[in-house]
Colleague: 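Sharing a structure below in structure tokens format, with a few things to ask.
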Amino acid sequence: MFKLMRFNLLLIIITFVSFGAIAQSNPKESEEYKLNKAVYLQAKKYNDIGVAKNALYKLIVLDPNDASLLDSLVLMYFDYNQHAPSLLVSMDILKRDPGNLVALEISATSYENLQLYDKALTAYESLYLRNNNLYTMYKISFLQFNLKRYSESKTSADIILKNEKAEEFKIVFNPDRNTSEEVTMKAAVLNLKGLIAKQEGNKEEARKLFTEAVADGNPFTFAQQNLASLDEN
């Protein structure tokens, strides 16, 4: 009788351990995971970002191998302009998946918003090698300008202007909080080249480029302001 009781107790222990092992190998099947996922989805539905974020962190701890959870977290931070967390999460994603274009773009944008322009430039250059996108090249050219690497900035700008899509591709500028203007990539690049010419002391070349940018932008407030600024000095 005593041996039978010991055998039954051992069977219960083995069964409990087996279920524990299954729960560990399938974290999504655990009650704790299901509860936090339900909280996350409900909080997202009601746009309660704080609660959604906390639930998402718990899901990440419960299932650290699910890359999609980090993707959701980085997009949440990015959408709410939390640049430092966006950068840190995107870096973890890139360690796991160096070819993740969304994480690479978020890291580049976050570096830029944190005014770490040299690191932003490196990230955008890596991104351009993968997406061959005109807007990415524009960001590269503009960052080179900010870093006073004028020759490189002009080279990048010329690459854009040689692309026939520069006249079709649109880019949005915000002259103020309540106004947005959609101009062609060509106009944006002409304006940038005008800024370079101005910094290099070539006032007439700058005037020519700003005038072309204004004509192509229609309207393009920044180019108009840059053109007007030449007569203020």
Side-chain angles (χ1 to χ4, degrees), residues 78 81 83 86-87 90 99 101-233:
F78 186 73
N81 297 315
H83 307 308
S86 292
L87 175 60
S90 68
L101 294 185
V102 173
L104 188 53
E105 184 168 5
I106 287 176
S107 71
T109 304
S110 299
Y111 275 129
E112 183 181 7
N113 287 324
L114 292 168
Q115 298 183 9
L116 299 171
Y117 296 133
D118 54 340
K119 293 183 180 295
L121 177 58
T122 299
Y124 276 119
E125 287 172 339
S126 296
L127 180 62
Y128 183 74
L129 291 175
R130 290 171 170 83
N131 69 5
N132 195 32
N133 181 273
L134 278 182
Y135 183 72
T136 304
M137 179 55 75
Y138 175 77
K139 299 296 288 186
I140 289 171
S141 184
F142 202 88
L143 285 165
Q144 289 167 334
F145 168 75
N146 281 340
L147 292 167
K148 302 185 188 304
R149 292 159 60 171
Y150 300 135
S151 179
E152 293 175 42
S153 182
K154 283 189 287 187
T155 299
S156 299
D158 287 337
I159 290 173
I160 298 172
L161 292 176
K162 289 176 182 177
N163 191 316
E164 59 185 19
K165 293 182 180 179
E167 296 188 20
E168 304 170 5
F169 196 102
K170 302 291 185 178
I171 183 169
V172 176
F173 287 89
N174 299 102
D176 55 58
R177 291 184 178 180
N178 302 315
T179 307
S180 63
E181 296 173 349
E182 190 177 66
V183 305
T184 66
M185 177 63 73
K186 178 182 176 182
V189 172
L190 289 170
N191 179 64
L192 176 55
K193 289 191 70 174
L195 291 171
I196 296 170
K198 181 180 177 181
Q199 288 298 316
E200 291 181 331
N202 194 337
K203 190 172 181 179
E204 290 310 309
E205 178 66 11
R207 187 184 304 279
K208 173 178 172 292
L209 289 163
F210 289 143
T211 301
E212 290 180 19
V214 169
D216 198 84
N218 192 32
F220 191 179
T221 300
F222 285 131
Q224 292 170 337
Q225 292 173 345
N226 289 330
L227 181 60
S229 71
L230 294 175
D231 297 321
E232 294 173 0
N233 299 327

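None of the values given here were measured: they were computed from a predicted structure.
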Colleague: Which residues pass the ring pair (Phe, Tyr, Trp, His ring centres under 6.0 Å) test with Tyr124, sequence neighbours left out?
Modeller: none
Colleague: Work out which heavy atom in Leu192 is nearest to a heavy atom in Ser141; give both atom names and the distance.
Modeller: CD2-OG, 3.2 Å
Colleague: Looking at residues at least two apart in the chain, or sitting in another chain, which of them share a salt bridge (charged side-chain N to carboxylate O under 4.0 Å, His left out) with Lys208?
Modeller: Glu212
Colleague: For Ala206 and Gly194, which heavy atoms make the closest approach, and how far apart are they?
Modeller: CB-O, 3.5 Å
Colleague: Considering only heavy atoms from C-beta outward, does the side chain of Phe78 approach that of Thr109 to under 4.5 Å?
Modeller: yes
Colleague: Within this structure, what is the CZ-OG1 distance for the pair Arg207 and Thr211, rounded to the nearest 0.5 Å?
Modeller: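 Nearest 0.5 Å value for the CZ-OG1 distance: 7.0 Å.
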Colleague: Do Ser126 and Leu129 touch side chain to side chain, with heavy atoms closer than 4.5 Å?
Modeller: no
Colleague: Mark yes when over 12 heavy atoms from residues, nucleotides or ligands other than Lys170 sit less than 6.0 Å from its NZ; otherwise mark no.
Modeller: yes
Colleague: Nearest 0.5 angstrom please: Asn163 CG to Met137 CE, how far?
Modeller: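 The CE atom of Met137 is 10.0 Å from CG of Asn163, to the nearest 0.5 Å.
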Colleague: Within this structure, what is the CG-CD distance for the pair Leu230 and Glu204, rounded to the nearest 0.5 Å?
Modeller: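 Spacing of CG (Leu230) from CD (Glu204) equals 8.5 Å.
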Colleague: Going by ring pair (Phe, Tyr, Trp, His ring centres under 6.0 Å), name the residues that satisfy it together with Tyr150, two or more places apart in sequence or in a different chain.
Modeller: Phe145
Colleague: Of all heavy-atom pairs between Ala166 and Ile160, which one has the smallest distance, and what is that distance?
Modeller: CB-O, 3.4 Å
Colleague: Please round to the nearest 0.5 Å and tell me the distance separating atom CG of Asn113 and atom CG of Asn81.
Modeller: 7.5 Å
Colleague: Using distance only, find each side-chain donor-acceptor pair of residues 182-190 under 3.5 Å and give its atom names and separation, not counting sequence neighbours.
Modeller:
from, atom 1, to, atom 2, distance (Å)
Thr184, OG1, Ala187, N, 3.1
Thr184, OG1, Asp216, OD2, 2.4

Colleague: At their closest point, which heavy atom of Tyr111 faces which heavy atom of Ala123, and how far apart are they?
Modeller: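 Between these two residues, the closest heavy atoms are CD1-CB, 4.4 Å.
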Colleague: Roughly how far, to the nearest 0.5 Å, is CG of Asn226 from CG of Leu195?
Modeller: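 Answer for the CG-CG pair, Leu195 versus Asn226, is 4.5 Å.
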Colleague: Any non-hydrogen side-chain atom of Lys198 less than 4.5 Å from a side-chain atom of Ser229?
Modeller: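 Heavy-atom side-chain distance check passes, below 4.5 Å.
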Colleague: Between Ile196 and Ser153, which heavy-atom pair has the shortest distance, and what is it?
Modeller: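 Smallest heavy-atom distance, with atoms named: CD1-OG, 3.2 Å.
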Colleague: Contact between Ile106 and Val102 at the side-chain level, heavy atoms closer than 4.5 Å - yes or no?
Modeller: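 Yes, at least one pair of side-chain atoms sits under 4.5 Å.
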Colleague: Would you confirm whether Thr136, through its side chain, and Asn132, through its main-chain N or O, come within 3.5 Å as a donor-acceptor pair?
Modeller: no
Colleague: With sequence neighbours excluded, tell me which residues meet side-chain contact (heavy atoms from CB on, under 4.5 Å) with Asn178.
Modeller: Asp176
Colleague: Side-chain contact test, heavy atoms from C-beta onward, threshold under 4.5 Å: evaluate it for Val172 versus Glu181 and give yes or no.
Modeller: no
Colleague: Do Lys193 and Leu161 have side chains that get closer than 4.5 Å, going by heavy atoms?
Modeller: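 Yes, at least one pair of side-chain atoms sits under 4.5 Å.
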Colleague: So, do Leu121 and Ile140 sit near enough that their side-chain heavy atoms are less than 4.5 Å apart?
Modeller: yes
Colleague: To the closest 0.5 Å, what do you measure between OG (Ser107) and NE2 (His83)?
Modeller: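 The OG atom of Ser107 sits 13.5 Å away from the NE2 atom of His83.
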Colleague: Which pairs with one or both residues in residues 132-152 pass salt bridge (Lys or Arg N to Asp or Glu O under 4.0 Å), sequence neighbours excluded?
Modeller: Glu112-Lys139, Arg149-Glu152
Colleague: Can you name the closest pair of heavy atoms from Ser90 and Ala103 and give their distance?
Modeller: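 What the structure gives for the nearest pair is CB-O, 3.5 Å.
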Colleague: So, do Asn133 and Tyr138 sit near enough that their side-chain heavy atoms are less than 4.5 Å apart?
Modeller: no
Colleague: Just say parallel, tilted or perpendicular for the rings of Phe173 and Phe222, cut-offs at 30° and 60°.
Modeller: perpendicular
